[in-house]
K.L.:
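Below: one structure in structure tokens.
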There are 2 protein chains.
Amino acid sequence: MDDSRPADGPRRIKSVQTASEILAAIQRRPDPTFSDVCDELDASKGTVHTYLATLEEEGFVAKVDGRYRLGLRLVTMGETVRNETPLYRAGQLEVDKLADTTNEYVHLTVVSRGKEVTIYESRGDNAVATDYHLRMREAPQYLHCTATGKAMLGHFDDDRVRDIIDDQGLVEQTDNTISDTDRLFDELERIRERGYAVNDEEELRGMRSIGAPIRGVDGDVCGAVSVTAPTSRLSGDRFRSEIPELVMQAANIIEVNLETTTFDPSR
Amino acid sequence: MDDSRPADGPRRIKSVQTASEILAAIQRRPDPTFSDVCDELDASKGTVHTYLATLEEEGFVAKVDGRYRLGLRLVTMGETVRNETPLYRAGQLEVDKLADTTNEYVHLTVVSRGKEVTIYESRGDNAVATDYHLRMREAPQYLHCTATGKAMLGHFDDDRVRDIIDDQGLVEQTDNTISDTDRLFDELERIRERGYAVNDEEELRGMRSIGAPIRGVDGDVCGAVSVTAPTSRLSGDRFRSEIPELVMQAANIIEVNLETTTFDPSR
DNA sequence: CAATCATGTTTGTCTTTCTCAAACATTACA
DNA sequence: TGTAATGTTTGAGAAAGACAAACATGATTG
């Protein structure tokens with residue numbers, strides 16, 4: 001009844017947190033109006049108004065006939081992030097090739113704050129669930145139910161995996177999702193042995209993926225690559241050896257690229 | 001000597017502006033250290049520290065062994081922006097096709113705040129200047145020296161064009177850049193007549209482009225599409241009729257897609 | 001067509017929170 | 001080991017943010 005102290009801890013800029021919340025609110029809601037944004041925040045109209053005006057001026061938000069959107073500055077900044085991620089430069093071409101030979105979706109992902117973000121995606125000619133994959137890239141995804149995610153988890157040390165599970169939980173996205181910690185650790189063990197991870201309709205019903213980890217120069221995992229296809233097209237030999245082989249090859253080539261580009265003197 | 005009034009005008013949140021400046025500083029400088037960031041801002045170390053901590057917590061900034069980078073949240077948000085730009089959904093496939101038939105770089109751009117932003121890019125097998133195009137996407141570009149930019153300017157009304165010129169100037173990127181207002185207006189006239197715009201080494205020496213405007217349902221220009229290739233491969237008939245024809249066809253198809261997807265009831 | 005309502009914008013004022021210095025840590029370097 | 005460089009924390013004054021309420025502007029409706 002007495003903990004009215006400022007509960008210190010490290011200092012933060014509250015206005016920046018508020019701005020971030022507003023951006024999140026706009027992202028959550030499609031094309032919100034001014035009062036839609038107000039509804040999602042607990043701040044007065046006047047305050048929200050000033051924030052939106054500032055964010056618009058800075059290019060983080062755009063107003064299109066009375067409705068708010070995230071601004072194009074986020075596109076250019078996002079582009080910078082990708083270009084400065086060594087994995088992107090090292091992997092882009094190889095991902096395109098893999099999409100070309102498999103004709104399916106290929107993803108290149110990295111871990112950030114306990115989730116994974118797709119840094120590059122290539123769509124083979126037969127790729128399905130385009131809309132799902134479009135939307136999926138708009139937010140970081142769980143690691144425990146994707147091929148790339150599990151491939152990476154398999155090469156983290158147990159403490160780190162445990163921390164991630166504690167933070168994120170093992171949300172059941174489908175009936176096949178591994179939602180039990182022990183089972184997940186068993187699975188990670190198998191992934192380590194085989195060298196690749198399988199996602200058997202654990203993220204999305206009807207879709208399977210094969211993923212392999214990518215190690216950086218220091219030996220630590222810095223990302224993963226995967227092929228995703230409808231279960232009907234990803235079964236039998238193709239599921240058990242052909243695609244896994246191709247994915248691991250691609251991962252290997254990207255690793256080599258990484259080593260050589262990292263030492264690129266022009267950077 | 002007396003204008004010490006608050007110089008009112010509409011209110012803004014200063015902290016958000018500061019945060020924006022910090023992000024810009026990090027984007028400008030590759031992998032800056034803490035004091036690098038301080039150097040670019042005029043704020044005390046303590047202040048910058050608090051901002052960076054906040055931005056990191058929010059995912060807009062990441063610290064990788066002592067150096068700052070833009071954070072992956074910008075990637076996911078940027079992805080949202082693209083996905084919610086109708087032009088992207090309407091044009092993506094067509095841009096891929098055009099890159100496939102021409103084997104060159106194809107760009108899909110929109111205007112924002114007097115400059116253009118590439119919302120999607122497809123790289124044909126022979127595409128050159130990969131690195132330039134990578135970097136180019138990290139910042140909005142001038143309209144007066146690109147094929148897409150001029151295609152769009154050609155269909156704005158004169159006042160709007162004049163405003164843009166006043167704001168942005170006619171920076172000479174190469175010897176061929178049109179840096180004279182009257183000459184630019186003449187050129188825009190020709191573009192309107194022909195239906196497509198030409199960039200003849202006006203942006204980058206050795207590179208030519210052909211661009212066509214894309215009109216939205218309301219009839220207003222909402223973007224443009226272009227093919228870019230080295231001058232040696234873009235000359236003669238290919239330069240004067242083949243590629244222009246293909247680009248205008250693509251623009252036309254995208255316009256049709258736009259009309260049909262806009263009325264998509266699922267949205 | 002007036003009147004009511006919903007939506008968005010501006011302003012005065014009090015409170016919160018930024019910001020600066022300066023002190024404090026921590027790490028590099030000689 | 002001492003000195004410098006870099007990064008982090010803190011106290012307190014000054015500045016800026018937040019609220020509420022008033023003000024516009026457009027919709028909607030009786």
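Only this structure's heavy atoms are used, side chains among them; waters, hydrogens and symmetry mates stay out. Everything numeric here is computed off the predicted structure, so don't read it as measured data. Below, read A as the first sequence line, B as the second, and so on, with proteins coming before strands; counting in each chain starts at 1.
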K.L.:
Just N and O in the side chain of A/Ser15: are any of them under 4.0 Å from OP1 or OP2 of C/dC18?
P.N.:
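The answer is yes; a side-chain N or O of A/Ser15 sits under 4.0 Å from OP1 or OP2.
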
K.L.:
Are side-chain heavy atoms of B/Leu108 and B/Ile214 found at a separation under 4.5 Å?
P.N.:
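Touching, per the 4.5 Å side-chain cut-off.
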
K.L.:
Got a salt bridge between B/Glu84 and A/Arg135, using NZ or NE/NH1/NH2 to carboxylate O under 4.0 Å?
P.N.:
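A salt bridge is present here (some side-chain N lies under 4.0 Å from a carboxylate O).
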
K.L.:
Between C1' on C/dT16 and CD1 on A/Ile13, what's the gap in Å once rounded to a whole number?
P.N.:
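After rounding, the reported distance stands at 13 Å.
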
K.L.:
Heavy-atom count check: over 12 atoms from other residues, nucleotides or ligands less than 6.0 Å from A/Asp42 CG?
P.N.:
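Open: at most 12 neighbouring heavy atoms sit under 6.0 Å from CG of A/Asp42.
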
K.L.:
Can you tell me if the side-chain N/O atoms of B/His49 get under 4.0 Å from OP1 or OP2 in D/dG7?
P.N.:
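Looking at the OP1 and OP2 atoms of D/dG7, neither is under 4.0 Å from any side-chain N or O of B/His49.
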
K.L.:
Choosing from D/dT8, C/dT9, C/dC18, which nucleotide comes nearest the side chain of B/Tyr68?
P.N.:
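Comparing D/dT8, C/dT9, C/dC18 against the side chain of B/Tyr68, the answer is D/dT8.
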
K.L.:
In terms of side-chain geometry, is the basic nitrogen of B/Glu121 or B/Arg137 positioned less than 4.0 Å from the acidic oxygen of its partner?
P.N.:
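Between B/Arg137 and B/Glu121 there is a salt bridge, with a charged N closer than 4.0 Å to a carboxylate O.
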
K.L.:
Nearest whole Å is fine: how far is D/dA18 C1' from A/Leu41 CG?
P.N.:
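Answer to the nearest Å: 13 Å.
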
K.L.:
Could you tell me which non-hydrogen atom of A/Pro213 sits nearest to which non-hydrogen atom of A/Glu255, and how far apart they are?
P.N.:
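Smallest heavy-atom distance, with atoms named: O-OE2, 3.7 Å.
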
K.L.:
Less than 4.0 angstrom between a side-chain N/O of B/Thr33 and OP1 or OP2 of D/dG7, yes or no?
P.N.:
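Yes, within the criterion.
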
K.L.:
Starting from P on C/dA6, measure out to CG on A/Asp36 and report it in whole angstrom.
P.N.:
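Going from CG in A/Asp36 over to P in C/dA6 covers 15 Å.
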
K.L.:
What is the distance from CG of A/Asp39 to P of C/dA6, rounded to the nearest Å?
P.N.:
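Going from CG in A/Asp39 over to P in C/dA6 covers 13 Å.
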
K.L.:
Under 3.5 Å, is there a donor-acceptor pair linking the side chains of B/Thr148 and B/Glu116?
P.N.:
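A pair is found: one side chain offers a donor N or O, the other an acceptor, under 3.5 Å apart.
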
K.L.:
Any side-chain heavy-atom pair from B/Ile22 and B/Tyr68 closer than 4.5 angstrom?
P.N.:
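They are not in side-chain contact.
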
K.L.:
Would a distance-only check, ignoring hydrogens and angles, find a side-chain to backbone donor-acceptor pair under 3.5 Å from A/Arg73 to A/Phe60?
P.N.:
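No, because the side chain of A/Arg73 does not come within donor-acceptor range (under 3.5 Å) of the backbone of A/Phe60.
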
K.L.:
Where along residues 50-67 of chain A does a heavy atom fall under 4.0 Å from DNA chain D?
P.N.:
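Nucleic-acid contacts, sorted: A/Tyr51.
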
K.L.:
Which protein N or O atoms sit under 3.5 Å from an N or O of nucleotides 19-22 of chain D?
P.N.:
| unit_1 | atom_1 | unit_2 | atom_2 | d |
| --- | --- | --- | --- | --- |
| D/dC19 | OP2 | A/Ser44 | N | 2.8 |
| D/dC19 | OP2 | A/Ser44 | OG | 3.4 |
| D/dC19 | OP2 | A/Thr47 | OG1 | 3.1 |

K.L.:
I want to check one thing: is the phosphate of D/dG7, taken as OP1 and OP2, less than 4.0 Å away from some side-chain N or O of B/Ser35?
P.N.:
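Result: yes.
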
K.L.:
Whole Å only: how far is the CZ atom of A/Phe34 from the P atom of C/dT10?
P.N.:
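Rounded to the whole Å, the gap is 10 Å.
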
K.L.:
So, B/Asn257 and B/Glu94: side-chain donor and acceptor under 3.5 Å apart, yes or no?
P.N.:
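On atom types as modelled, these side chains do not qualify, holding no pair under 3.5 Å.
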
